[in-house]
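See below for the structure under consideration.
Lettering follows sequence order; numbering is per chain, from 1.
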Amino acid sequence: MGKQSVDSAGSDRLRVAFERHYESLVRLCTGLCLRPDLAEDIVQEAFVRAASRLHDVSEEAVGAYLRASVVNLWKNRLRRLTLERRQLTRSDPEMVHNPASLVDERDWIWRLLASLPERQRACVVLRFYEDLPEREVAKILGCSIGTVKSHTSRALRRLEREVRHEA
Amino acid sequence: MRREDRLRAGLAAGLAKVHPSDDAWLSIHERLDRPIVVPVRRRIAIAAFALLVSAAGFLGIWAAFDGPSMPKPYTATEPRSVTTIPAVTGTFALGERGHMSSIAYGEGSVWVSVSDDAPSGTGTIVRMQPPHGDVLARIPVPVVPHWETGGGGLSVADGAAWIAGTTFDPDPSATVVRIDAATNDVSQVATVEGEVAADVVERAGVVWLLVRGDETTPMVHGIDAMTGTIESTIHLEGSYGRSIVAVGDSVFASVMTSSGEHGDAVDGTAVFQIDPESIAVTHREELPSIAAVAAGDGGLWAATGQDLVRFDVTSGAAAATYEGVNTGVSVAAGDGGVWFFGPAGEPRGLARLDGNTGEVQASSGDEGGDGIAVAIGPDSAWLVGYEGVVTRLQMVPDCPPVKPGVYDPSISPTSGSPGTAATIRGRVPMYAEDGAYLPPSGIVQVWWNVGSAGTSWTDLLPGGVAPSPALPGDVVLVAEARMPDACRYQATFAVPDAGVGTYPLTLVWTDGEGATSLGRGLEFRIPG
């Protein structure tokens, strides 16, 4: 067993990155996973992993670096959660966690996000919350621009249905 | 609204309600210090790999151990976060005594209305830039809001500032003015039915103007934001209209109501929920006193003088009451909290109700003493006062008071050879040499003056700008301490390679834009 080693300059860089990006990353990640508690866990994990690597990242690129790290950790966690869900479904279907249970379900945006498949949701959040161009979204999610376009288009159609349903 | 824009707005509003925990930084520290646990299967794989390496040769392993030494484990030095309270962190003189009438935040700016105090009702809108309060523009306008206290009549949304007031030519006419936020030009002036315009809000291309109701009952006009023409009008029962806001799917108008034998005692408030589609009142909520109403963070609040009332924006009914918080009749909501100050004649320190915890954090002073109205900006509240001054307030650590002018940083040890680790410590809040409050969000820089002769520290801060780390000569930046949300700061540095002597150190506070000296310097001695 070892410890994460960070020198004092690294700690300062981490602190600056924390002050600049932590809150926005937690919000981004909540949009992805719909659970503020899980989002904080993932974002903190991203900071811990970044602690010893930030010296290799230019100041302008720290935000993008952390964002990519958060999305990757979310994707990894997603795989784990999918496995957990499968196990839970086998043992006790009632115990399957409702992902939207920790956000305000009365809010249409949470209902919409919860109704989207994970990759559609990621496209929507990165495209319309982070305001990233499609090329950047594709790069972060590791897919083609065409895939981003189709995911986004489907999500927007679902939004229209949600709006009509509300009306 | 386009579906993409609706989605953007929905995501921004929904995710803005997510607030990270206060101890997140501490949690990250704990994780950094926590041993890295390697899963069993991975440990077996690592062990197998190590055996393989050992089989490859003892020399390889020796080389691995003979590499550079590992850096020292990181030690957390940041103190745990403390309670925060509202405190004045800046004051800006804008107008003459008695000429200020309202304040609003939007389009990245603070907007303040200043009356000319002329019979025509004209005035100026001053646009300020947070966080430093720089004046971006002074925009002459044909009307300004004319409430003496509580603000209103000024709102900012969708690329424009809207002002509700009255023109006198010579008879009074309700007037609404649009300022284009991109150009700071007055782009529209519309005079509509009614005498006195009380308040205005824009929502999705419709300007909702509340007319006070001097000759008739109060009424709300729905005005096309592009053309300035009235599209709808709804009359409200009551004495006079006071404020109008848009939140959720509704528009809410507050109207003062009367009681007494002759109906001449204005002593109540009715809050009307109006459906903007059907232009119909869908709910009426009565409050038993004169109240101020404000919207923010998707919520609706009323300050009744003593209590703070939260509304359900879907039903339009009062949903919760925070009793006895002494609100006065000015309130603003946003950025996760509700700000207010007490009624005139009573202690009027600013207070903030935390929207997440329901706790009220009161300031220790009486910053609200001459306050007229409050607006919420990012990480700050802005108070416009009767004396012509705008005050910026921020949540700061609730630390033991430090008197302005008191200079308390210390250095330990005070002497040692080059390479010795020395630590500078000081208390927050801090004050500059001139007594100005320095917010705890900046950085304290420690400058070592290797050769003190002829170097003047004021020369290092030309125009109040932080000195460059690349300064020529003998001045060296040895350490920086970032202000944590705590009552102390500290920075450790290695004593530079210098000869025997006593060296002055000076502390400079900077927030990245401005900088100021923290006063008399410290000294460090390198003995022979």
*At what distance, to the nearest 0.5 angstrom, does CZ of A:R27 lie from NZ of B:K17?*
11.5 Å

*Interatomic spacing from CZ in A:F47 to CD1 in B:I28 - rounded to 0.5 Å*: 5.5 Å

*Where on A:V124 is there a heavy atom nearer than 4.5 Å to chain B: the side chain, the backbone, both, or neither?*
both

*Measure distances from A:F18 to the heavy atoms of chain B and classify the residue's part below 4.5 Å as side chain, backbone, both or neither.*
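Side chain only.
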
Heavy-atom pair with the smallest gap, counting every atom of [X] and [Y]:
X: B:S27; Y: A:Q44; answer: CB-OE1, 3.2 Å
X: B:G14; Y: A:I109; answer: CA-CG2, 4.0 Å
X: B:R8; Y: A:D131; answer: NE-OD1, 2.9 Å
X: A:Y22; Y: B:P20; answer: CE2-CB, 3.4 Å
X: A:W108; Y: B:G10; answer: CZ2-CA, 3.6 Å
X: A:L156; Y: B:L7; answer: CD2-CD2, 3.7 Å

_Residues, nucleotides or ligands: over 12 heavy atoms within 6.0 Å of A:E59 CD_ = no

Side chains of [X] and [Y]: closer than 4.5 Å at any heavy-atom pair?
X: B:H19; Y: A:E23; result: yes
X: A:L14; Y: B:W25; result: yes
X: B:L15; Y: A:L28; result: no

*With no hydrogens and no angle check, is any side-chain donor or acceptor of A:E40 less than 3.5 Å from a backbone partner on B:S21?*
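A pair under 3.5 Å: yes.
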
